Structure formats: structure tokens, C-alpha cells
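Notes for the one structure printed next.
For the numbers below, each heavy atom of this structure counts, side chains included, while hydrogens, waters and symmetry mates do not. Predicted model only: the values in this text are computed from it and were never measured.
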Amino acid sequence: MNLFLNSVTAVILIDSDGNRLFAKYYQPAHVDPKNPTAFKHPFQSTKDQRALEMGIWDKTRRATGDILLYSSQLVLYKASIDVSFYVIGPEGENELMLQSVLNAFYDAVSLLLRHQVEKRAILENLDLVVLALDETVDNGIILETDAVAIASRVSRPKPDAGVNLSDITINEATIMQAFSTVRDKMAQRILS
């Protein structure tokens with residue numbers, strides 16, 4: 001019985017100038033409580049994270065592929081108009097699962113932003129992008145790889161959630177019922 005869960009080290013969005021739009025780094029799930037320093041996460045400091053981001057952006061900005069090995073990390077990426085999406089996993093991770101995560105996250109963001117996957121739209125709807133990522137990956141563990149399911153869990157409710165007054169019918173029975181309810185409530189307050 002295989003009890004292995006596919007894991008992700010980081011998900012990063014970088015613009016066309018190499019600036020971070022959004023990044024989420026995940027700590028390893030299993031750390032020995034007796035010796036917490038035995039396994040050190042490779043990107044604990046902001047300096048290490050920024051060095052990784054600049055390194056992968058520099059390697060992928062002119063590349064035509066969609067996968068590379070960088071600093072013993074598996075990096076999968078997808079470029080859009082002026083944004084690049086990166087999913088980073090451990091060296092021995094299943095590439096197809098990481099590709100599924102990248103495609104699901106990209107497609108869910110595309111659905112949520114109405115197929116306008118660009119820097120401005122991402123920054124204006126950063127809350128939806130973060131929620132989409134949280135529905136895709138939780139604490140480094142892959143939860144969902146279906147873009148439609150992710151987008152449906154994240155999407156905002158329709159603005160017509162309020163009551164439409166034209167649908168309410170007022171007649172003599174409803175007025176009498178309202179009067180009766182008010183009379184009963186007043187009687188209860190007076191008697192108590």
C-alpha cells in the first residue's frame with residue numbers, strides 16, 4: 001500500500017521584469033520533533049527565496065521548455081502575457097503530478113479572471129488567486145487538479161443575492177399576519 005502524498009515546495013508568480021507578484025513556500029510536513037534542525041528547508045530566508053526566484057526567472061525567460069532542474073529542485077513553469085507561473089517540487093517528485101498542479105492552477109486562475117491572465121488582472125484579483133492556490137495545494141500537499149472544481153469553490157457569488165422587492169406580493173392576508181405577529185410580540189413584552 002502506497003501512502004506517499006505528492007508534495008510541492010513552492011508556487012511562485014513572477015512578472016516579466018523578474019519581480020515577485022505572489023509566492024507561497026511550503027515547509028516539509030514531517031520534521032523530527034526531537035531534532036528539528038536535522039532537515040533544513042532550502043528556502044527559509046527571504047534572501048534564499050529571492051535568489052531562487054531570480055535564478056529560475058533568468059533561466060526560464062528565454063527558454064522554450066516547461067521543466068528544468070534548478071538547485072536540486074524540479075521547476076515547472078508556464079508563461080502568460082506578462083506573468084510566469086512556477087510550481088517547484090523536490091527533485092524526486094512525480095513530474096506529471098506537478099504538471100497537473102501547474103495546469104490546474106493556471107486554468108483556474110484563467111477561469112476566475114475571465115481568460116485575462118496578466119499582471120494587472122492578477123493584482124486586482126489577488127484574493128481569488130490566493131484562494132485558488134489554497135484550493136489546489138494545502139501545506140505542500142496536492143489537493144485538487146481539476147481547474148473547474150477549483151474555480152467553482154473560489155468564485156464570488158452573484159451580486160443579485162439581495163431580495164428583489166418586485167417578487168414580494170402584498171395582500172390582505174400578509175398584512176393581517178404581520179399585524180398579528182406584532183400584536184403577539186407586544187403582548188408578550190407587556191406581560192413579562
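For the residue pair Thr60/Tyr70, the side-chain donor-acceptor check at 3.5 Å is not satisfied. Using modelled atom types, one finds no donor on one side chain facing an acceptor on the other under 3.5 Å when comparing Thr181 with Asp184.
For Glu135 against Leu143, the heavy-atom pair with the smallest separation is O-CB, 3.7 Å. Closest approach of Ala104 and Glu144 over heavy atoms only: CB-O, 4.5 Å. Shortest non-hydrogen contact noted between Gly140 and Tyr26 is N-CD2, 3.1 Å. The minimum heavy-atom distance between Val154 and Leu128, with the atom names listed, is CG1-O, 3.6 Å.
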CA sep, side-chain torsions, deciding dist, call: Leu74, Glu95, side-chain contact (heavy atoms from CB on, under 4.5 Å): CA-CA 8 Å; Leu74 200 55; Glu95 297 92 358; 3.4 Å; yes

Could you give me the CA-CA distance, side-chain angles and deciding distance for Ile12 and Gln49, then say whether side-chain contact (heavy atoms from CB on, under 4.5 Å) is met? CA-CA 10 Å; Ile12 306 169; Gln49 292 174 2; over 6 Å; no

Applying side-chain contact (heavy atoms from CB on, under 4.5 Å) to Val148 and Leu111, what does each step give before you reach the verdict? CA-CA 8 Å; Val148 175; Leu111 287 171; 4.2 Å; yes

Just do the salt bridge (charged side-chain N to carboxylate O under 4.0 Å, His left out) check on Asp82 and Lys119 with the steps written out, would you? CA-CA 6 Å; Asp82 58 353; Lys119 180 180 177 179; over 6 Å; no

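At a threshold of 4.5 Å between side-chain heavy atoms, the hydrophobic network of Ile, Leu, Val, Met, Phe, Trp and Tyr places Leu13 and Ile81 in two separate groups. A continuous path of Ile, Leu, Val, Met, Phe, Trp and Tyr side chains, each step under 4.5 Å between heavy atoms, connects Leu69 with Val101, placing both in one hydrophobic cluster.
In this structure the side chain of Asn103 reaches within 4.5 angstrom of the side chain of Lys78, judged on heavy atoms. Counting heavy atoms from C-beta outward, Phe105 and Ile150 have side chains that stay 4.5 Å or more apart. Counting heavy atoms from C-beta outward, Phe22 and Val130 have side chains that approach closer than 4.5 Å. Looking at Val83 and Leu21, their side chains come closer than 4.5 Å, going by heavy atoms from C-beta outward. Inter-residue side-chain proximity for Glu93 and Ser7 is flagged as met; some heavy-atom pair is nearer than 4.5 Å.
Taken from CD in Glu118 to CG in Leu123, the straight-line distance is 10.5 Å, to the nearest 0.5 Å. Interatomic distance, Thr145 OG1 to Asp107 CG, rounded to the nearest 0.5 Å: 11.0 Å. Taking OG of Ser180 as the reference point, atom NZ of Lys185 lies at 11.0 Å (rounded to 0.5 Å). To the nearest 0.5 Å, atoms CZ (Arg153) and OG1 (Thr136) are separated by 9.0 Å. Note: Phe85 CZ to Ser110 OG = 8.5 Å, rounded to the nearest 0.5 Å.
For Arg50, the side-chain hydrogen bond (donor to acceptor under 3.5 Å, both in side chains) partners are Glu53, not counting sequence neighbours.
Applying side-chain contact (heavy atoms from CB on, under 4.5 Å) to Ile88 and the options Thr9, Leu98, Val8 leaves one that passes, Thr9. Results of the side-chain contact (heavy atoms from CB on, under 4.5 Å) test with Tyr25 over Leu52, Asp48, Val11 single out Leu52 as the only residue that passes.
Panel note: side chain Asn19, backbone Asp15; no donor-acceptor pair is recorded below 3.5 Å.
Between Tyr86 and Tyr77, the angle of the ring planes lies from 30° to 60°, which puts this pair in the tilted group.
Using a cut-off of 4.0 Å between Lys/Arg side-chain N and Asp/Glu carboxylate O, Asp134 and Lys24 are scored as salt-bridged.
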